Participant: 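Let me begin by handing over the structure; questions about it come next.
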Amino acid sequence: MSVRVRFAPSPTGNVHIGNIRAAIFNWLFARHAGGKFLLRVEDTDRERSTPEAIQTLLQVMEWLGLNYDEVPVYQAAQRARHLAAAEQLVTSGHAFRENKDGKGECIVFRMPKEGRVEYTDIVKGTIRKKAEDTQDFVIVRSDGNPVFHLANVIDDIDMRITHIIRGDDHVENTFKHIQIFRALGDEPPQYAHLPMIVNAMGKPYSKRDGAAFVGEFREQGFLPQALFNFLALLGWAPGEDREVMTRDEMVALFTLDRCKSSAARFDLKKLIWMNGEYIRQTPAAVFRAEFEARVKADGYWHTDLPAAEVDGIVALVQPRTKFYSEIPGNCAYFFTEEYPFDAKSVEKRLKPAGVPELLEAVAQRFEALPAFDHAATEAALRAMGDERGAGLGGMVHPVRVAVSGLSDGPGLFEMLTLLGRPRVCARLRRAAARLREGTL
RNA sequence: GCGCCUAUCGUCUAUCGGUUAGGACAUAGGGUUUUCAUCCCUAGAAGCGGGGUUCGACUCCCCGUAGGCGCGCCA
């Protein structure tokens with residue numbers, strides 16, 4: 001029988017990283033096996049399941065490249081089918097009607113009370129408990145609506161799901177689900193319960209731990225490939241010390257028996273590192289599009305910059321970018337004369353005595369240069385550093401801060417060349433003037 | 001409270017009874033560089049505790065401890 005798995009989120013407007021990680025594992029499993037990856041939208045909560053929420057869900061999946069097969073199933077549309085199954089269970093004696101607490105008549109599923117229930121979880125091994133430790137549970141509410149457990153199982157039957165890969169907060173539910181499958185005369189599918197993702201404190205990862213939703217990572221400028229790769233490695237390891245992998249490699253390597261069963265902490269530092277790896281691999285044109293979007297959103301962008309200059313900026317910025325949202329703060333000086341100055345850098349590099357004179361002397365020297373390029377500017381600063389006994393560093397640091405407002409960034413001479421002589425000299429003189437006025 | 005699950009460097013993990021317990025992130029130091037990033041080198045850093053089983057346990061079993069999950073007419 002060919003593999004059929006599903007991702008069954010309830011659309012609430014935000015997709016939690018724990019859920020999307022489950023989707024990733026399902027997807028990898030299906031693609032590895034050459035099976036089907038299906039989407040089932042569990043939209044029975046009419047309050048939260050808005051069209052916008054469903055759109056968000058679909059967008060997130062597309063962004064991460066989680067393409068699904070077949071037509072998505074909307075659980076709310078299966079209501080009649082769920083209720084029919086409940087009737088069938090009543091008829092066969094596996095369920096009964098009851099008026100609990102006077103709330104009206106609901107349908108309760110009867111759990112076996114003798115022996116033990118067990119199942120073999122692909123990642124957790126055999127899980128068993130005494131039947132007496134399980135309890136009957138409601139499958140149709142007194143308002144006539146099917147409950148999660150019922151709907152979930154019926155849909156899995158209808159979709160001919162072969163493997164259920166989900167978070168391990170469902171291990172207990174599985175006992176219930178298995179009994180429903182059997183009561184309906186179906187063999188339960190295979191189960192694989194994934195460990196939870198926890199925060200730095202070892203507690204379940206939530207909103208309070210920073211970004212918890214996929215959309216937030218996207219906004220911060222994480223690449224889908226990086227997030228995908230990173231999340232895939234939370235609870236799974238292909239062995240052989242493989243970490244940064246292409247999607248195809250992950251598909252080829254993925255197996256459930258290499259999944260761990262203990263909780264994994266979300267290490268943002270490692271995600272940031274990995275994202276940097278992916279950004280450096282990104283084609284320049286792709287990076288440039290995102291770069292432009294980010295700078296525009298921040299208001300610095302102007303369209304009259306020659307394309308070649310933008311290319312130059314991108315070439316300097318891309319190699320040192322870890323995530324896109326840090327771009328505007330690092331690049332303002334490429335686009336405006338009103339670039340902000342970092343207070344600490346000003347204090348350290350521009351406040352010392354003699355700096356205004358030094359900046360003006362540099363401007364003068366630069367203006368006298370026959371050509372304003374990397375070699376010439378470097379030679380000029382080296383010479384001045386020697387003359388003044390300040391060394392190259394003594395020249396470079398004040399100039400960098402004066403010209404960019406920051407103490408770190410691309411190589412200074414690449415930066416100067418890109419900015420061009422007029423802008424560089426004007427900035428040096430203006431910084432000197434402002435230092436004298438005390439407005440810096 | 002009852003039940004189920006889990007337990008290797010700070011973090012993600014490798015190890016399927018025999019290893020100097022390996023890799024990556026992070027950290028520290030060094031090299032390259034004008035800064036940052038990259039790149040390279042180096043260092044420190046781990047088997048929760050106690051019993052077994054075994055010639056030999058991180059690995060298997062039991063107990064304890066800690067944590068997680070579940071115990072809804074939520075999903």
Side-chain angles (χ1 to χ4, degrees), chain A residues 8-10 12 42-45 48-49 75 98-101 103-108 121 123-125 127-130 132-135 137-149 151-152 167-176 193 195-198 200-204 230 233-244 257-258 260-274 276-277 279-280 316-322 330 345 349 377-378 381-382 385 391-401 404 406-416:
Chain A
S10 49
T12 58
E42 304 210 329
D43 56 347
T44 51
D45 184 337
R48 295 190 294 170
S49 301
Q75 188 164 65
E98 186 181 356
N99 187 342
K100 294 165 83 174
D101 309 320
K103 288 187 199 168
E105 205 166 64
C106 60
I107 299 180
V108 178
D121 189 284
V123 341
K124 288 186 180 291
I127 298 178
R128 74 186 102 214
K129 73 194 300 182
K130 292 192 272 283
E132 64 191 70
D133 290 328
T134 65
Q135 290 180 323
F137 58 97
V138 174
I139 53 176
V140 177
R141 284 185 272 272
S142 49
D143 65 5
N145 286 315
V147 166
F148 163 74
H149 303 295
N152 198 266
D168 71 6
D169 46 333
H170 282 293
V171 284
E172 300 286 334
N173 289 336
T174 303
F175 291 111
K176 296 176 179 160
H193 285 102
M196 307 293 280
I197 295 177
V198 299
M201 304 300 293
K203 302 292 182 188
F230 177 76
L233 257 15
L234 251 33
W236 172 69
E240 298 174 13
D241 299 328
R242 302 288 302 278
E243 294 214 303
V244 177
D257 57 19
R258 291 202 61 93
K260 281 215 348 168
S261 59
S262 54
R265 290 183 199 220
F266 189 93
D267 183 0
L268 185 60
K269 292 242 179 81
K270 188 157 185 174
L271 204 214
I272 290 172
W273 162 77
M274 189 172 277
E277 295 282 306
I279 283 185
R280 269 177 264 127
L316 295 185
V317 172
Q318 181 171 0
R320 59 202 89 225
T321 299
K322 297 283 199 184
N330 291 339
S345 303
R349 302 298 186 188
T377 50
E378 177 167 2
L381 286 194
R382 279 192 192 280
L392 183 56
M395 303 301 299
V396 156
H397 296 304
V399 170
R400 172 186 293 284
V401 177
S404 73
L406 303 170
S407 53
D408 43 50
L412 180 64
F413 306 111
E414 286 87 345
M415 187 199 293
L416 295 178

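Just so we're on the same page: letters track the sequence lines, and every chain starts at 1. Since we're looking at a predicted model, the values are computed, not measured.
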Participant: Can you check the A:F175 CZ to B:rG3 C1' distance for me, whole Å?
Facilitator: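 Result: 9 Å.
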Participant: Regarding A:G239, tell me which of base, sugar-phosphate or nothing describes its non-hydrogen contacts under 4.0 Å with the strands shown.
Facilitator: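 No contact.
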Participant: Is there a Watson-Crick or G-U wobble partner for B:rU54 with both distances under 3.5 Å, and if so, which one is it?
Facilitator: none
Participant: Can you tell me, in whole Å, how much space there is between the P of B:rA7 and that of B:rU59?
Facilitator: 11 Å
Participant: From B:rU38, B:rA7, B:rU34, pick the nucleotide closest to the side chain of A:R400?
Facilitator: B:rU34
Participant: Is any side-chain heavy atom of A:E243 less than 4.5 Å from a side-chain heavy atom of A:K270?
Facilitator: yes
Participant: Taking pairing as Watson-Crick or G-U wobble with both contacts under 3.5 Å, can you name the mate of B:rA7, or confirm there isn't one?
Facilitator: B:rU65
Participant: Taking the side chain of A:K176 as its heavy atoms from C-beta onward, which of B:rC5, B:rU34, B:rC71 lies nearest to it?
Facilitator: B:rC71
Participant: Kindly indicate whether the side chain of A:K270 and the base of B:rA24 share any N or O donor-acceptor pair separated by less than 3.5 Å?
Facilitator: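 Such a pair exists between side chain and base.
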Participant: Determine the interatomic distance between P on B:rC4 and the same-named atom on B:rG64; round to the nearest Å.
Facilitator: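 After rounding to an integer number of Å, I get 12 Å for this pair.
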Participant: To the nearest 0.5 Å, what is the distance between CD1 on A:I272 and CG on A:D267?
Facilitator: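 If I round to the nearest 0.5 Å, the distance is 9.0 Å.
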Participant: Let me confirm one number: the CG-NE2 distance from A:D408 to A:H397, rounded to the nearest 0.5 Å.
Facilitator: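 These two atoms lie 11.0 Å from each other.
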Participant: Any N or O donor-acceptor pair linking the side chain of A:D169 to the base of B:rG70 at under 3.5 Å?
Facilitator: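 Answer no: no donor N or O sits under 3.5 Å from an acceptor.
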Participant: Using whole Å, what does the distance between atom C1' of nucleotide B:rA24 and atom CD of A:E240 come to?
Facilitator: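 One finds 15 Å between C1' of B:rA24 and CD of A:E240, rounded.
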Participant: Side chain of A:D133, heavy atoms from C-beta onward: which of B:rA14, B:rU34, B:rG3 has the nearest atom to it?
Facilitator: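 Selected nucleotide (nearest to the side chain): B:rG3.
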Participant: When rounded to the nearest Å, what value does the distance between P atoms of B:rA21 and B:rA46 take?
Facilitator: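 Taking atom P in both B:rA21 and B:rA46, they lie 12 Å apart.
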Participant: Heavy atoms under 4.0 Å, any strand shown: does A:K103 hit a base, just sugar-phosphate, or nothing?
Facilitator: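 If one applies the 4.0 Å heavy-atom cut-off, A:K103 turns out to touch a base.
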Participant: With P as the reference atom in both, quote the distance from B:rC48 to B:rC58 in angstrom, rounded to an integer.
Facilitator: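 Nearest-Å result for B:rC48 against B:rC58 at atom P: 10 Å.
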Participant: Base, sugar-phosphate or nothing for A:N173? Non-hydrogen atoms, less than 4.0 Å.
Facilitator: base
Participant: Regarding A:L412, tell me which of base, sugar-phosphate or nothing describes its non-hydrogen contacts under 4.0 Å with the strands shown.
Facilitator: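 Result for A:L412 = base.
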Participant: Output the single nucleotide from B:rU35, B:rU13, B:rC25 whose closest atom is nearest the side chain of A:R320.
Facilitator: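 Ranking B:rU35, B:rU13, B:rC25 by closest atom to the A:R320 side chain puts B:rU35 first.
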Participant: Compare the minimum distances between each of B:rC73, B:rC25, B:rA14 and the side chain of A:K100, then state the nucleotide with the smallest one.
Facilitator: B:rC73
Participant: Can you tell me how far the CG atom of A:L381 sits from the CG atom of A:L412, to the nearest 0.5 Å?
Facilitator: 6.5 Å
Participant: Can you tell me how far C1' in B:rU15 sits from the matching atom in B:rA57, rounded to whole Å?
Facilitator: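 Looking at atom C1' only, B:rU15 and B:rA57 are 13 Å apart.
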Participant: When you check the phosphate oxygens OP1 and OP2 of B:rC74, does a side-chain N or O of A:R141 lie under 4.0 Å from one of them?
Facilitator: yes
Participant: Determine whether any donor atom in the side chain of A:R265 lies under 3.5 Å from an acceptor atom in the base of B:rC12, or the reverse, and answer yes or no.
Facilitator: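 Side chain to base: no pair below 3.5 Å.
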Participant: Could you check how far NZ of A:K129 sits from C1' of B:rG3, rounded to whole Å?
Facilitator: 5 Å
Participant: Which is true for A:P410 with a 4.0 Å heavy-atom rule: it touches a base, it touches only sugar-phosphate, or it touches nothing?
Facilitator: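 Answer is base: heavy atoms of A:P410 come under 4.0 Å of a base.
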Participant: In Å, rounded to the nearest 0.5 Å, how long is the span from CZ of A:R265 to CE of A:M196?
Facilitator: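 A:R265 CZ to A:M196 CE: 14.0 Å, rounded to 0.5 Å.
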Participant: What's the gap between B:rG47 and B:rG22 when it is taken at their P atoms, as a whole Å value?
Facilitator: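 Comparing P positions in B:rG47 and B:rG22 gives a spacing of 13 Å.
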Participant: For the side chain of A:K124 and the backbone of A:S261, is there at least one donor-acceptor N/O pair under 3.5 Å apart?
Facilitator: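 Such a contact is found between A:K124 side chain and A:S261 backbone.
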Participant: Could you let me know what B:rC2 is paired to, Watson-Crick or G-U wobble, both distances under 3.5 Å, or none if it's on its own?
Facilitator: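 With both distances under 3.5 Å, B:rC2 matches B:rG70.
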Participant: So what does A:Q135 hit on the nucleic acid, given a heavy-atom distance under 4.0 Å: a base, only sugar-phosphate, or nothing?
Facilitator: sugar-phosphate
Participant: Check whether the side chain of A:E243 and the base of B:rG23 form a donor-acceptor pair under 3.5 Å.
Facilitator: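 Pair found.
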Participant: Regarding A:F413, tell me which of base, sugar-phosphate or nothing describes its non-hydrogen contacts under 4.0 Å with the strands shown.
Facilitator: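 Counting heavy atoms under 4.0 Å across all strands, the contact made by A:F413 includes a base.
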Participant: Considering only the P atoms, how many Å lie between B:rC69 and B:rG10, rounded to the nearest integer?
Facilitator: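 Between the two P atoms, the distance is 23 Å.
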Participant: Could you tell me the Watson-Crick or G-U partner of B:rA43, where both distances fall under 3.5 Å? Say none if there is no partner.
Facilitator: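 Looking at the geometry, B:rA43 pairs with B:rU27.
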Participant: Base, sugar-phosphate, or nothing: which does A:S407 touch, judged by heavy atoms less than 4.0 Å apart?
Facilitator: base
Participant: Round to the nearest Å and state the distance from A:D168 atom CG to B:rC71 atom P.
Facilitator: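 A:D168 atom CG is separated from B:rC71 atom P by 13 Å.
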Participant: Let's test this: given Watson-Crick or G-U wobble pairing with both distances under 3.5 Å, identify the partner of B:rU15.
Facilitator: none
Participant: Indicate, with a heavy-atom threshold strictly under 4.0 Å, whether A:H193 touches base, sugar-phosphate, or nothing.
Facilitator: nothing
Participant: Ignoring the backbone of A:K260, work out which of B:rA37, B:rU13, B:rG68 is nearest its side chain.
Facilitator: B:rU13
Participant: Please compare A:D267 and A:L392 by the position of their nearest nucleotide in RNA chain B and report the one closer to 5'.
Facilitator: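 In this pair, the answer is A:D267.
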Participant: Roughly how many Å apart are B:rG44 and B:rA28, using the C1' atom of each and rounding to a whole number?
Facilitator: 8 Å
Participant: Measure NZ/A:K269 against P/B:rG10 and give the value in whole Å, please.
Facilitator: 15 Å
Participant: Can you find a pair of side-chain heavy atoms, one from A:W236 and one from A:V123, that are under 4.5 Å apart?
Facilitator: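 Sidechains of A:V123 and A:W236: no contact.
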Participant: Nearest to the side chain of A:F148, heavy atoms from C-beta on, is which of B:rA14, B:rU34, B:rA75?
Facilitator: B:rA75
Participant: Any N or O donor-acceptor pair linking the side chain of A:S261 to the base of B:rC5 at under 3.5 Å?
Facilitator: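 No, no donor-acceptor pair under 3.5 Å.
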Participant: Just call it for A:E414: base, sugar-phosphate, or nothing, with non-hydrogen atoms closer than 4.0 Å on any strand.
Facilitator: base
Participant: To the side chain of A:D241, which of B:rA24, B:rG22, B:rC73 is closest?
Facilitator: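 For A:D241, the side-chain atoms sit closest to B:rG22.
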Participant: So which one's nearest nucleotide on RNA chain B is more toward 5', A:G235 or A:V138?
Facilitator: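 Its nearest nucleotide being more 5', the pick is A:G235.
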Participant: Once you round it to whole Å, what is the distance between P of B:rC12 and CG of A:L268?
Facilitator: 14 Å
Participant: Okay, side chain of A:D43, backbone of A:S49: is any donor-acceptor separation there less than 3.5 Å?
Facilitator: no
Participant: Check whether A:E98 reaches the backbone of A:C106 with its side chain - one donor and one acceptor, N or O, closer than 3.5 Å.
Facilitator: no
Participant: Okay, side chain of A:R349, backbone of A:V399: is any donor-acceptor separation there less than 3.5 Å?
Facilitator: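 Not at all, since once roles are kept as given, no pair shorter than 3.5 Å links the two residues.
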Participant: Taking the minimum atom-to-atom distance to the side chain of A:R382, which one of B:rU34, B:rC25, B:rC4 wins?
Facilitator: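 So the nucleotide nearest the side chain must be B:rU34.
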Participant: Which part of the nucleic acid, if any, lies within contact of A:R280, taking any heavy atom under 4.0 Å across all strands shown: a base, the sugar-phosphate backbone alone, or nothing?
Facilitator: sugar-phosphate
Participant: Just compare B:rC73, B:rU38, B:rC36 and give me whichever is closest to any side-chain atom of A:D408.
Facilitator: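 The nucleotide sitting nearest to the side chain is B:rC36.
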Participant: How is A:G276 classified with respect to the nucleic acid when contacts are heavy atoms under 4.0 Å: base, sugar-phosphate, or nothing?
Facilitator: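 A:G276: no heavy atom of the nucleic acid under 4.0 Å.
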